[in-house]
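In what follows, a single structure is set out as C-alpha cells and then discussed.
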Amino acid sequence: GQASMGGEATACTECNGPGQYSDAPLSSACKLAPAGYKPASNRDNIEQCPKDTFSIGASDDCTNCDNGGHSRPGSSACEKCATGKYYDETENSCKLCPKNTASISGATDISGCAPCEDGGHSQPGSGYCEKCATGRYYDETENSCKLCPKNTASISGASD
C-alpha cells in the first residue's frame, strides 16, 4: 500500500510504518490497523487476528495469548478464566468446573479442575473444596452436610 501526501508530493509514500496500510488507490494518507487486526503482508488491506492472539491496534503483528489466556478471532486482548472455571477449547469460552472439583485461579482446561480429596465436596464453579464438620456427613443427593443420625458418628470430612 502507498499513499500520496498531496500538495507538492513528487512520489507516493510507502505505508510501512507500524500497523499502516492503504486499501484504495489515490489514497492521501495511510490508514492504521484497528485493535484486533494487523496489516496484510502486502499492506493493501487488513487481516483479523486469529483465535488465541490479540492486537491493540497500530501494530504489524498479532501477539499470542500467554499463561493460559485465550481470545476469539479479532480480539484486542486475551482473557483468562476466573476462579472455579476452566477453558473449553471447542467452545472457546470459560465453563464452570464440575461438582466436587475446584480451580483456585482458573484452569487452562478441564484437567485443571482438581477433584476434591477424600470427604471433600464442592458446588459447580467452586474455587475450593470443603469438608463436613465432625458429627456431620455429606449427602450427595442433597449436596449438603447433614447431622449424623442417632447411634452413628463421623470424624471431620465424612462422605457417607
Side-chain angles (χ1 to χ4, degrees), residues 1 15-21 23 30-160:
C15 294
N16 59 5
Q20 290 184 338
Y21 73 101
D23 59 358
C30 298
K31 294 181 179 179
L32 286 176
Y37 292 82
K38 67 176 185 166
S41 59
N42 61 4
R43 295 188 178 269
D44 68 351
N45 213 330
I46 52 174
E47 300 171 347
Q48 194 175 54
C49 288
K51 178 178 144 185
D52 296 334
T53 68
F54 73 98
S55 167
I56 59 171
S59 176
D60 288 341
D61 301 303
C62 298
T63 305
N64 290 326
C65 296
D66 62 358
N67 297 327
H70 61 277
S71 70
R72 296 184 185 277
S75 292
S76 60
C78 295
E79 63 180 357
K80 292 183 181 180
C81 295
T83 297
K85 295 185 175 186
Y86 71 94
Y87 176 61
D88 183 331
E89 176 77 29
T90 56
E91 295 189 27
N92 196 29
S93 65
C94 294
K95 302 279 186 178
L96 294 178
C97 284
K99 177 178 170 180
N100 297 330
T101 67
S103 166
I104 295 172
S105 61
T108 56
D109 59 39
I110 195 164
S111 69
C113 296
C116 295
E117 295 187 14
D118 291 342
H121 60 279
S122 70
Q123 300 290 327
S126 289
Y128 61 93
C129 294
E130 55 189 325
K131 291 187 176 186
C132 297
T134 301
R136 295 178 176 265
Y137 71 99
Y138 178 66
D139 184 327
E140 183 77 29
T141 56
E142 293 190 29
N143 199 28
S144 65
C145 293
K146 300 281 193 182
L147 289 172
C148 290
K150 275 186 180 179
N151 299 324
T152 63
S154 80
I155 57 170
S156 178
S159 56
D160 45 32

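Everything numeric in this text was worked out from a predicted model, so none of it was measured.
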Asn64 side, atom CG; Thr53 side, atom OG1 - distance, nearest 0.5 Å: 6.5 Å

Kindly list each side-chain donor-acceptor pair under 3.5 angstrom involving residues 74-82, sequence neighbours excluded, with atom names and distances?
{"unit_1": "Ser75", "atom_1": "OG", "unit_2": "Arg72", "atom_2": "N", "d": "3.3"}
{"unit_1": "Ser75", "atom_1": "OG", "unit_2": "Arg72", "atom_2": "O", "d": "2.6"}
{"unit_1": "Glu79", "atom_1": "OE2", "unit_2": "His70", "atom_2": "NE2", "d": "3.2"}
{"unit_1": "Lys80", "atom_1": "NZ", "unit_2": "Asn67", "atom_2": "O", "d": "3.4"}

For Ser122 and Thr101, indicate whether the former's side chain and the latter's backbone hold a donor-acceptor pair under 3.5 Å. yes

Out of curiosity, Lys31 NZ to Tyr21 OH, how far, rounded to the nearest 0.5 Å? 4.5 Å

All side chain to side chain donor-acceptor pair (under 3.5 Å) counterparts of Ser41, not counting sequence neighbours: none

Does any N or O in the side chain of Asn92 come within less than 3.5 Å of the main-chain N or O of Ser71, such that one atom is a donor and the other an acceptor? yes

Can you tell me if Ser154 uses its side chain to pair, donor with acceptor, with the backbone of Gly135 under 3.5 Å? yes

About how many Å separate CZ of Arg136 and CG of Leu147, when rounded to the nearest 0.5 Å? 4.0 Å

Answer yes if the side chains of Thr90 and Asp88 hold a donor-acceptor pair under 3.5 Å, and no otherwise. yes

Looking at every non-hydrogen atom in both residues, tell me the closest pair between Tyr87 and Asp52 and how far apart they are. OH-OD1, 3.8 Å

Donor-acceptor pair, side chain of Asp139 and main chain of Cys145, under 3.5 angstrom: no

Testing the basics here: between Cys113 and Ala107, what is the closest heavy-atom pair and its distance to 0.1 Å? N-CB, 4.2 Å

If I take atom NZ from residue Lys51 and atom SG from residue Cys65, how far apart are they, to the nearest 0.5 angstrom? 10.5 Å

Rounded distance [0.5 Å steps], CG in Asp23 versus SG in Cys30: 10.5 Å

At what distance, to the nearest 0.5 angstrom, does NE2 of His121 lie from OG of Ser144? 8.0 Å

Pair listing, salt bridge (charged side-chain N to carboxylate O under 4.0 Å, His left out) test, anchored in residues 97-108, at least two apart: Lys99-Glu140

If we only count heavy atoms from C-beta on, is the Thr63 to Phe54 side-chain gap below 4.5 Å? yes

Could you report the tightest heavy-atom contact between Tyr86 and Ile110, atom names first, then the distance? CD1-N, 3.4 Å

Is a side-chain N or O of Arg43 found less than 3.5 angstrom from the main chain of Gly17, in a donor-acceptor match? yes

Tell me the closest heavy-atom pair linking Asp60 and Gly19, and the distance in Å. OD1-N, 2.7 Å

Verdict with reasoning, Ile46 to Lys38, per side-chain contact (heavy atoms from CB on, under 4.5 Å): CA-CA 6 Å; Ile46 52 174; Lys38 67 176 185 166; over 6 Å; no

